[in-house]
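Following: one structure in structure tokens, then a few remarks.
Residue numbers start from 1 in every chain, and the chains themselves are labelled A, B, ... in the order their sequence lines are given, proteins ahead of strands.
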There are 4 protein chains.
Amino acid sequence: MARISDKTPRGGAKPGGAQGSTRRQAVREAAVTLFARQGYHATSTAEVARLAGVSEGTIFYYFGNKEGILLDLLAEVHLKYRQRMESALAKAANGMQAVLGCVDLHFKQVRQDSRLLTLLVRDLPVSPGRNDSQCRQVMREQSSLILEVLCLALRRGQEDGSVAADLPLPETGLLIRSLLIGATRLLLLKLAPEVNFEDQAAEFCRRALAPPG
Amino acid sequence: MARISDKTPRGGAKPGGAQGSTRRQAVREAAVTLFARQGYHATSTAEVARLAGVSEGTIFYYFGNKEGILLDLLAEVHLKYRQRMESALAKAANGMQAVLGCVDLHFKQVRQDSRLLTLLVRDLPVSPGRNDSQCRQVMREQSSLILEVLCLALRRGQEDGSVAADLPLPETGLLIRSLLIGATRLLLLKLAPEVNFEDQAAEFCRRALAPPG
Amino acid sequence: MARISDKTPRGGAKPGGAQGSTRRQAVREAAVTLFARQGYHATSTAEVARLAGVSEGTIFYYFGNKEGILLDLLAEVHLKYRQRMESALAKAANGMQAVLGCVDLHFKQVRQDSRLLTLLVRDLPVSPGRNDSQCRQVMREQSSLILEVLCLALRRGQEDGSVAADLPLPETGLLIRSLLIGATRLLLLKLAPEVNFEDQAAEFCRRALAPPG
Amino acid sequence: MARISDKTPRGGAKPGGAQGSTRRQAVREAAVTLFARQGYHATSTAEVARLAGVSEGTIFYYFGNKEGILLDLLAEVHLKYRQRMESALAKAANGMQAVLGCVDLHFKQVRQDSRLLTLLVRDLPVSPGRNDSQCRQVMREQSSLILEVLCLALRRGQEDGSVAADLPLPETGLLIRSLLIGATRLLLLKLAPEVNFEDQAAEFCRRALAPPG
DNA sequence: TATGAATGAGTTTTCATTCAT
DNA sequence: CATGAATGAAAACTCATTCAT
């Protein structure tokens with residue numbers, strides 16, 4: 001009943017604490033693999049426990065319930081994703097480069113750890129219309145944060161002249177994000193023919209964003 | 001074992017004959033509503049039967065198993081979708097107009113019957129890596145047919161000069177499709193802020209596709 | 001509710017009647033094949049109907065319920081079996097020959113139509129402790145008739161001196177019948193190694209029955 | 001997928017440890033009663049759970065699936081049966097006595113715990129023609145082990161002169177085993193008249209096996 | 001006489017979750 | 001901290017049987 005969130009053994013210095021953290025991490029690792037491979041619904045907590053090498057009770061001790069694992073993973077994947085984008089953005093020469101850098105980075109992450117990204121384009125564990133789940137809230141929050149990063153880059157581009165000034169925000173940001181999400185879905189769910197179209201994504205965006213003339 | 005596909009009571013000409021068709025249709029109607037609202041996995045066949053006003057057995061009589069319902073719905077939505085695109089394509093003045101027409105049409109359909117389209121961006125009933133399900137096969141087949149339509153329009157645009165000639169196919173087609181899929185996901189799963197960015201989609205594509213100069 | 005037994009279209013001369021008989025026979029034929037192959041419980045009436053090429057309703061029209069088919073088949077197989085034994089008995093030179101003839105005949109029938117005989121050694125559709133089923137009644141009745149035939153032969157043997165006079169009846173008859181039933185079960189259910197031990201059955205019985213000296 | 005076999009709670013030394021074993025045992029006890037009384041197919045797992053006084057989930061926790069219970073029971077009954085035969089064999093004065101001892105022992109076991117033995121002559125859970133079930137494999141394996149014991153006794157009898165030397169092996173062994181199986185079936189399924197023919201079984205075999213003269 | 005659409009009670013099985021230890 | 005035995009509610013699916021035609 002009581003939601004057990006973020007149960008981390010306080011004081012990571014203690015040997016027992018470190019072991020707990022190890023167990024927690026093992027569950028996360030097992031879950032991300034299985035959720036990505038078979039989907040959230042098709043994966044049982046028993047399966048996760050087995051692959052993680054822990055008892056079933058351990059999962060509920062650390063994550064409260066099954067959705068808790070997903071919640072945890074979603075938060076992590078979003079965080080990592082966003083942080084990488086932000087650092088890519090910082091290094092970019094201008095706004096356009098920043099946006100295109102984000103696009104390239106996205107597909108690099110898809111290639112590097114498809115498991116994590118698959119979580120984002122696979123099935124959702126809850127109703128889209130209802131706000132009752134923490135899971136949906138996390139997705140929405142993180143989603144808007146990522147959108148902000150993109151819009152930041154776009155605005156910078158419009159200011160430094162590398163991006164067409166008449167493109168509306170956040171609409172344009174949403175469209176780029178749409179393209180990334182959709183492409184990832186086609187790629188990871190193997191719904192597209194065997195063509196490396198993701199390499200063309202940056203160029204496609206460059207044309208769409210470039211100022212006229 | 002034996003797959004019960006397309007079990008339709010003898011031709012709908014007779015007034016009584018439509019009865020069976022009615023039940024079948026009621027199940028489809030109930031399923032599309034519930035699958036879109038709660039997802040495929042979160043919807044039980046009992047729930048579908050209740051909403052459809054038929055017995056649970058009737059579902060299995062007509063569709064063989066739960067996936068059979070989804071299969072049926074997916075085939076329909078894909079078919080309708082593609083046919084509309086094809087007719088939009090036929091009416092277009094040039095290739096670029098055809099592509100943009102497809103984009104607009106897509107969002108029009110999303111607005112008109114969000115339930116059906118939601119099926120395409122919501123959860124998948126099976127592992128993405130495996131080909132064992134008819135459902136995945138249908139999605140893949142239909143997906144490639146839709147891609148073909150888009151590429152046809154693009155090629156026509158490249159021939160009549162309305163689309164940049166150096167854009168590679170089918171990569172560019174896949175990117176447009178990605179944008180549509182991703183946008184639909186953001187929209188229907190309410191992951192985007194309340195902004196009508198879909199109206200900008202055609203313009204975004206126009207810029208990306210337009211020949212230089 | 002109402003038991004429909006022996007519903008045969010009266011007057012087999014009528015063309016309609018002949019057709020009904022055809023359907024009835026088709027069901028019986030299909031059922032004996034499937035029951036023997038998969039067992040009574042593992043065979044659905046739908047399967048029987050499909051193999052027989054009739055509608056499911058037809059089965060219930062002719063046999064009342066599923067057990068009705070088995071009832072019908074059991075009665076037939078027992079009847080045939082007994083009739084053959086009786087005619088073998090009539091032709092035998094003496095009692096011992098009659099018994100051994102029955103033994104040989106039994107295995108000949110097993111070899112000739114294993115499907116029918118399999119019904120007798122496979123699973124029973126009902127509780128052995130209760131008498132509530134017609135099925136069990138039929139089995140018991142027919143069983144005792146067959147036993148009678150065997151005992152008749154044995155008694156004749158004891159009278160003509162070919163069978164040991166001190167062997168008790170019907171015990172000895174039951175033992176021979178046991179041997180036949182058990183051997184059939186081992187054979188048809190493939191629980192015995194690939195040895196043609198049934199050829200030795202008559203010799204085994206001959207020794208057991210032979211008068212001393 | 002993963003077969004849960006032999007899930008036994010850690011060693012029965014601890015008083016608490018026997019608890020799990022208790023539940024397991026309760027299921028076995030309930031199952032053997034119901035399977036013998038009504039047959040495997042006619043018994044639902046719910047019925048077994050109810051009689052055992054455990055939840056239905058417990059059955060699947062311990063036995064994996066319904067067939068798992070039967071498997072377990074079959075293995076046990078076969079093992080016990082064979083062990084008793086072997087010890088009877090060891091005590092016998094000569095080969096003939098050993099064989100007849102086995103025969104007597106068989107019927108003694110039938111009388112002592114008819115439930116367990118009934119499992120062996122009642123219905124089979126699967127097609128006889130197919131090897132796909134563990135259940136059938138167990139039956140076949142154990143069956144051949146029991147046959148070996150019988151043949152051992154027969155061979156010993158042929159060597160010590162108490163059994164006719166010209167009787168072929170393993171055919172003769174199979175015939176004796178047939179007689180035992182068939183008799184058990186007649187007895188336990190109450191298909192024979194109320195006659196204690198099993199008392200005659202040893203004498204019947206003695207005559208069949210005795211050396212001439 | 002024959003059909004087959006429709007059913008609902010029943011089946012096996014799964015699984016997230018609890019809790020005593 | 002961690003376990004894993006035990007559960008019960010619910011899931012998908014089956015199937016003998018009915019009945020209007």
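- Atom CZ of Phe60(A) and atom P of dC15(E) are 12 Å apart (whole Å).
- Between the NE2 atom of His41(D) and the P atom of dG10(E) there is a distance of 19 Å, rounded to whole Å.
- A straight line from CG of Leu71(C) to P of dA16(F) spans 16 Å, rounded to a whole angstrom.
- Note on ring orientation: taking the six-membered ring where Trp is involved, the planes of His41(C) and His41(D) are parallel (angle under 30°, cut-offs 30° and 60°).
- Residues passing the side chain to side chain contact (heavy atoms under 4.5 Å, CB included) test with Ser44(C) are Ala46(C), Glu47(C), sequence neighbours excluded.
- For the pair Arg50(A) CZ and dC15(E) P, the interatomic distance rounds to 10 Å; values are reported in whole Å.
- If you take CG of Asn65(D) and C1' of dC15(E), they are 16 Å apart, rounded to a whole angstrom.
- Note on Thr58(C): a base of the nucleic acid sits closer than 4.0 angstrom, heavy atoms only.
- Residue Gly53(A) is the one, among Gly53(A) and Ala46(C), whose nearest nucleotide of DNA chain F lies closer to the 5' end (criterion: closest heavy atom).
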Exercise. So what is the 5' to 3' dot-bracket string for DNA chain E, if pairs are Watson-Crick or G-U wobble with both distances under 3.5 Å, crossing pairs use [ ] and | means the partner sits on another strand?
Worked result: .||||||||||||||||||||
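- Between dC15(F) and Thr45(C), no contact under 4.0 Å exists linking OP1 or OP2 to a side-chain N or O.
- Side-chain contact annotation: Thr33(D) with Arg115(D), donor-acceptor N/O pair under 3.5 Å present.
- If Glu56(B) and Ser55(D) are placed on DNA chain F by their nearest nucleotide, the residue sitting closer to the 5' end is Ser55(D).
- Within the 4.0 angstrom heavy-atom criterion, only backbone atoms of the sugar-phosphate kind lie near Ser44(A); the bases stay farther away.
- Evaluation of the side chain to side chain contact (heavy atoms under 4.5 Å, CB included) rule for Ala49(A) yields Val54(A), Glu56(A), Ile59(A) as partners, not counting sequence neighbours.
- Looking at which nucleotide of DNA chain E each of Val54(B) and Glu47(D) is closest to, the 5′-most match is held by Val54(B).
- Under 4.0 angstrom from either OP1 or OP2 of dT1(E) there lies at least one side-chain N or O belonging to Tyr61(C).
- Distance NZ (Lys66(C)) to C1' (dT17(F)): 12 Å, rounded to an integer number of Å.
- With a 6.0 Å cutoff to the six-membered ring centre and a 45° limit on the axis angle, Lys66(D) counts as a cation-pi contact of Tyr40(D).
- Residue Arg23(C) places no side-chain N or O under 4.0 Å from the OP1 or OP2 atom of dT1(E).
- Ion pair Glu29(D)/Arg24(D) not flagged as a salt bridge, since none of the NZ, NE, NH1 or NH2 atoms sits closer than 4.0 Å to an Asp/Glu carboxylate oxygen.
- In terms of the side chain to side chain donor-acceptor pair (under 3.5 Å) criterion, residue partners of Glu76(B) (sequence neighbours excluded) are, by chain and number, Arg28(B), Lys80(B).
- In this entry the distance linking OH of Tyr40(C) with P of dA16(F) reads 8 Å, nearest Å.
- One can place CD1 of Ile59(C) at 14 Å from C1' of dT18(F), the figure rounded to the nearest angstrom.
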